[in-house]
Amino acid sequence: MKFETIEYQQEGHVGLLIIQRPQALNALNAQVLEELSTFAKDISSNKEIRALVITGSGEKAFVAGADIKAMASMTPKEAQDFSTTAQAVFDNIAALPFAVIAAVNGFALGGGCELALACDIIIASEKAKFGLPEVTLGLLPSFGGTQRLPRAVGLFKAREMVFSGEFYSAQDCLNMGLVNRVTAPDQLLPEARKLAQTIASRAPIAVAKAKQSISKGYELHIKDGLQQEAELFGELFNTQDQKEGIDAFITKRQPEFKGN
Ligand code: CO8
């Protein structure tokens with residue numbers, strides 16, 4: 001995959017995606033969104049990948065938001081289309097059939113915070129700052145933030161973050177449940193990779209279906225979510241990995257999952 005504003009690396013079953021616009025603190029313009037969209041479509045069918053880490057280039061930012069300069073002259077219709085396009089890209093990232101870990105190395109603001117929210121797990125450097133400062137620009141978060149943030153931290157904390165536009169430290173975000181782990185800056189990628197490798201060592205179809213059960217089930221009534229969970233559980237009994245996992249347990253050896 002060849003891109004200009006994102007860079008992709010792969011080691012074994014773990015992918016690393018780096019947002020690469022350091023001169024604009026990795027802000028999301030139309031080109032980044034288009035490349036992210038192509039990337040998400042391509043990687044969704046890559047059977048080699050079992051976990052993906054997303055981070056930002058440079059020391060300072062994960063992603064400092066949507067590109068404010070690019071939004072300066074938008075008409076209302078163009079703004080709505082930009083929002084719809086970004087939401088679709090983030091939906092595609094959220095729906096990837098493996099775990100996606102945001103490794104937040106610095107500012108995760110506006111669309112950057114919303115990109116992290118579209119991931120499954122967020123690991124942050126002690127230097128990271130999160131925020132939805134759209135109201136300071138006369139805007140509202142519209143790359144999914146008003147929908148995903150309340151689901152992540154609850155209505156009241158979400159309202160505070162969105163209405164105040166303030167920045168929050170990694171520790172604040174850990175306390176409110178937005179962040180899974182906080183690390184020293186130089187430990188961020190090693191820690192994210194280590195977790196990605198652990199997940200990649202598990203049965204991939206089981207992880208994919210567990211992700212589906214959690215993400216889709218969260219939107220359903222609990223009865224329907226439980227029914228979906230049982231169906232997905234049953235489907236796993238069509239896989240070789242289920243037989244391998246149980247046989248490995250019974251014969252006291254490490255399982256070798258092949259993703260089939
Ligand atoms: N867009 C474009 N350029 C940016 C952005 C951005 N979001 N953030 C930083 N940059 C640029 C700066 O303009 C600057 O460029 P230049 O050197 O050419 O002037 C360069 O990156 C470095 O930034 P600073 O000099 O400002 O660095 P500081 O360390 O002083 O400050 C901050 C860092 C605090 C991160 C500051 O840059 C900042 O506040 N950035 C904007 C953060 C923000 O408000 N983000 C939210 C944007 S809105 C959004 O995401 C909305 C999504 C939904 C809208 C959908 C609408 C269609």
Side-chain angles (χ1 to χ4, degrees), residues 3-7 17-37 39-40 54-94 102-119 122 124-153 157-173 178-179 182 185 188:
F3 299 107
E4 285 175 6
T5 63
I6 57 177
E7 184 188 324
L17 178 72
I18 305 165
I19 314 288
Q20 279 283 15
R21 281 189 79 215
Q23 72 283 7
L25 301 187
N26 305 319
L28 305 170
N29 61 8
Q31 186 181 1
V32 185
L33 288 172
E34 203 180 311
E35 293 191 354
L36 278 176
S37 171
F39 170 79
I54 302 182
T55 195
S57 63
E59 301 276 296
K60 218 168 151 181
F62 174 69
V63 167
D67 192 304
I68 298 171
K69 293 166 192 168
M71 288 190 286
S73 58
M74 280 181 188
T75 64
K77 174 76 173 70
E78 286 167 344
Q80 183 177 341
D81 290 347
F82 187 53
S83 165
T84 305
T85 301
Q87 286 175 359
V89 175
F90 287 12
D91 279 353
N92 288 342
I93 290 172
V104 177
N105 50 315
F107 290 111
L109 304 175
C113 185
E114 292 166 300
L115 174 59
L117 282 163
C119 297
I122 303 178
S125 141
E126 285 157 358
K127 284 189 178 166
K129 290 256 184 286
F130 293 77
L132 290 163
E134 282 85 347
V135 293
T136 69
L137 299 162
L139 303 173
L140 64 83
S142 73
F143 288 5
T146 65
Q147 303 308 300
R148 289 201 172 95
L149 186 65
R151 286 166 166 79
V153 301
K157 204 70 209 173
R159 288 192 188 110
E160 179 193 317
M161 277 185 84
V162 171
F163 298 170
S164 73
E166 284 183 340
F167 295 175
Y168 293 75
S169 69
Q171 189 58 45
D172 288 339
C173 292
L178 177 56
V179 158
V182 178
L188 178 67

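In listed order, ligands and their atoms are each counted from 1.
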Kindly list each side-chain donor-acceptor pair under 3.5 angstrom involving residues 139-148, sequence neighbours excluded, with atom names and distances?
{"unit_1": "S142", "atom_1": "OG", "unit_2": "S83", "atom_2": "OG", "d": "3.3"}
{"unit_1": "R148", "atom_1": "NH2", "unit_2": "D91", "atom_2": "OD1", "d": "2.7"}

Any donor-acceptor N/O pair, T55 side chain to A103 backbone, under 3.5 Å =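 Checked: pair present.
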Exactly which residues line ligand 1, taking a heavy atom under 4.0 Å from it as the test?
->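 Ligand 1 is contacted, at a heavy-atom distance under 4.0 Å, by Q23, A24, L25, A27, K60, A64, G65, A66, D67, I68, K69, M71, A79, F82, F107, L109, G110, G111, E114, P133, E134, L137, S142, F143, F167.
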For S57 and N26, does a side-chain donor sit closer than 3.5 Å to a side-chain acceptor?
->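 A pair is found: one side chain offers a donor N or O, the other an acceptor, under 3.5 Å apart.
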Can you tell me if T84 and D81 form a side-chain donor-acceptor pair at under 3.5 Å?
->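 Distance-only check fails for T84 and D81.
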Below 3.5 Å, can you tabulate the donor-acceptor pairs from side chains in residues 61-71 to any protein atom, sequence neighbours excluded?
{"unit_1": "D67", "atom_1": "OD1", "unit_2": "K69", "atom_2": "N", "d": "3.0"}
{"unit_1": "D67", "atom_1": "OD1", "unit_2": "A70", "atom_2": "N", "d": "3.0"}
{"unit_1": "D67", "atom_1": "OD2", "unit_2": "R21", "atom_2": "NH1", "d": "2.9"}
{"unit_1": "D67", "atom_1": "OD2", "unit_2": "R21", "atom_2": "NH2", "d": "3.2"}

side-chain hydrogen bond (donor to acceptor under 3.5 Å, both in side chains) with Q31: which residues, sequence neighbours excluded?
->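 Listed in chain order: E4, E35.
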